[in-house]
Amino acid sequence: MDAARPPILEVRGLRKSFGHSEVLRGIDLAVAPQEMVFIIGPSGSGKSTLLRCCNRLEEPTSGAVHLGGVDLMAPSTDINAMRRKIGMVFQSFNLYPHMTALGNVTLALRKVAARSRTDAETLGMAALDRVGLAAKAKSYPGELSGGQQQRVAIARALALEPTVMLFDEPTSALDPELVGSVLAVMRELKAAGMTMLVVSHEMRFARDAADRVIFMDHGVIVEEGAPDQIFAKPREARTRAFIAGLTRS
Amino acid sequence: MNDWSRFVEAFFKSNLIEQYLPSILQGVVTTIEIALAVVVTGLAFGLALAVVRSFEIRPLNVLIIILVDILRALPPLVIVLIVYFGLPNVGVSIPSFAVLWLVLSLVLAAFAEEIFWAGILSVPKGQWEAARSTGLSFLGTLGYIVLPQAVRLTVPPITNRTVAITKNTALGTVIGVPEILNQATTAQSFSGNATPLMMGALAYIILFIPVVALGRYLETRFAWRRN
Amino acid sequence: MEAIIQQFFNLDIMARALPLVLAGLRQTLLLCFIVIPLGLVGGLVFALASLSSSRTVRWSMIAAIDFFRAVPPLVLLIFVYSGLPFAGIRLSPLTAVAVAFFLNTSSYYGEIYRAGIESVGRGQWDAARSTGLSAVSTLSHVVLPQAVRNVLPDLVSNTVEVVKLTSIASVVALPELLYSADMARSVTFNASPIVLAAAIYLVMLWPVVRLISRLERRMAS
């Protein structure tokens, strides 16, 4: 991590319990501007919960989350205004089935960012264009392939001009032949300087696109480092076992 | 006189049709007025209750559930009679058509609340999360994302239930609301002939067959809860 | 407040009305035991006929079902009870109620069964018939059990509606629960007997209404 630049997203001492089981046990994480951080780890390790705590879709039990210096946990913070700056992309797309692709992308622009309809549509079309789907603006989610749906979902987050984007297993629900188009969009975002926090099983993509890889297990960060180091020379036994399991399968 | 002409004489006597058509039509107007009023207030109140319920405020939800359960468990005629005969004796007097409107609205609201609430619950959690993640508020998410999907899902059951409950406007005859059945039975006892009754029955059929058919059409179109 | 209690929850009057109201309850239960089985069986016949391969049978059954769903049950009852005598058909209140309610409830049950049977995939028929099962066996052992399971909440819910429906038999002077309570009301000039009847309906039906909500929720998930 570049120490000269202050982090844009900072998580400190984050804990989250569901009933009696503690899913996150003290997470410290700082993401620098324009950095792409990958979070990997076995299922149930708390990766998704960590991501969802970053925009308080999941309410942390304790700990702090700061975005651009603003304390997300503070009662005085307007969380809805902050969420505009934190784009989120879900495993199951979660497009609104009763709205067109453009409708999906422009809703929050109009209702949260209070843009006029024409303004919102201009921005929405630009966002759809960035994911290569301007031609599908009038299509409903049901008429789109999984890959196209996920790209619309990315455009929906992108249109709000977020400062950071969270990707929660964005390709896990896709047929293998559709994964590439989504990864290509993510690669382009990275090239354009978007800050990204990604939970994913696309290890090859992590290896050549990520700036940093974090390995989580049982609610803690076990190890972090450059992709080459994590994948080729993991220091911790647990990381080694996980990576070895991946390459076997 | 053969059987057929005796049948026509008893059920389709032409001079009686002419004589009582105006009062039956009067009844049709009254029935339509009350039915429309019931549909509007019942559905609106039911939707409002479902929205309140989605805030998950426990004591409030318990109250809603109790109210809805009672209204679903009691025969509407029982409620009509309690309100109609009971309220004047405690100093509240409301006209009989208002009693009918009030009671049927409450009953429809109760059933509608259950159906709308089931619809709200059936919208996947991911829809809430996606909307909230773009900064939409709880109410914004409910209004723009969840309700449009929930309501669409509930169109067929709501239609069928609404038809079943608005048909209960016929209960108004028991408390003297001059709707179709009331006009028909009054005319029948004056004329000593079943023709007005037949006219009343036909009026109901003409009125409700289209909505019943609409319900059937919507059911096949929306295919609600079919696995 | 005092007036409300006097008028609606007068325990004295309720106690005096109780024997009459309980006699009415017996009639209501009797009606239920006649109308519900009749409706369940009649509805199945309606449903099977409405799924017949003959277009004429199918459409006339659907028309009949819609016809009886469009007519308010009270209109049907009054027509049967005080209209049919003009055609020389004179029925006792109980028979009139049974006939009118049979037509009404069978239509509703029929529509529910039909949806249930349609919800069972064609593949189930094909699989069962391919093993040599007759049409009747396929229906009774393979299709109907699944169909009923799929529409169970609706069947139970309609049964609640039937029990509530019996209250309108009071209009043709059948001395069931509501009629008896209303008799007591007209003698005492007090609504408490009807509130008592309402309480009895609640005791009978509230648990079922709760059950329906739970069933529906389970089906939805």
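Side chains included, hydrogens not; waters and symmetry mates left out as well; all remaining heavy atoms used. Below, read A as the first sequence line, B as the second, and so on, with proteins coming before strands; counting in each chain starts at 1. Because the structure is predicted, anything quoted here is derived from the model rather than measured.
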Nearest heavy-atom approach of Ser45(A) to Lys47(A) is OG-CG, 3.2 Å
In terms of heavy-atom pairs under 4.5 Å with chain B, the winner among Pro97(A), Ala81(A), Ser92(A) is Pro97(A)
Part of Tyr96(A) within contact of chain B (heavy atom distance under 4.5 Å): both
With under 30° as parallel and over 60° as perpendicular, where do the rings of Tyr204(B) and Phe208(B) fit, or are they tilted in between? parallel
Please assess Trp128(B) against Val146(B) for the test side chain to side chain contact (heavy atoms under 4.5 Å, CB included), listing each intermediate value before the final yes or no. CA-CA 7 Å; Trp128(B) 282 96; Val146(B) 177; 3.5 Å; yes
Segment of Leu109(A) engaging chain B (4.5 angstrom heavy-atom cut-off): neither
Against chain A, work out which of Gln149(B), Gln127(B), Arg152(B) has the most heavy-atom pairs shorter than 4.5 Å and name it. Gln127(B)
Going through the checks in order, is the side chain to side chain donor-acceptor pair (under 3.5 Å) test met by Thr195(A) and Glu35(A)? CA-CA 5 Å; Thr195(A) 311; Glu35(A) 196 182 17; over 6 Å; no
Region of Ile86(A) in contact with chain B, defined by heavy-atom distances below 4.5 Å: backbone
Run the side chain to side chain contact (heavy atoms under 4.5 Å, CB included) check on Val152(A) and Arg156(A) step by step: do they pass? CA-CA 6 Å; Val152(A) 172; Arg156(A) 174 172 66 186; 5.5 Å; no
Give the member of Arg56(A), Met82(A), Arg52(A) that has the highest number of heavy-atom pairs under 4.5 Å with chain B. Arg52(A)
For each of Ile145(B), Leu136(B), Val123(B), tally heavy-atom pairs with chain A at distances under 4.5 Å, and name the one with the top tally. Ile145(B)
On the 0 to 90° scale, with breaks at 30° and 60°, tag the Phe138(B)-Phe55(B) ring pair as parallel, tilted or perpendicular. tilted
Which one wins on heavy-atom pair count under 4.5 Å against chain A: Pro148(B), Ala131(B), Ser133(B), Pro124(B)? Ser133(B)
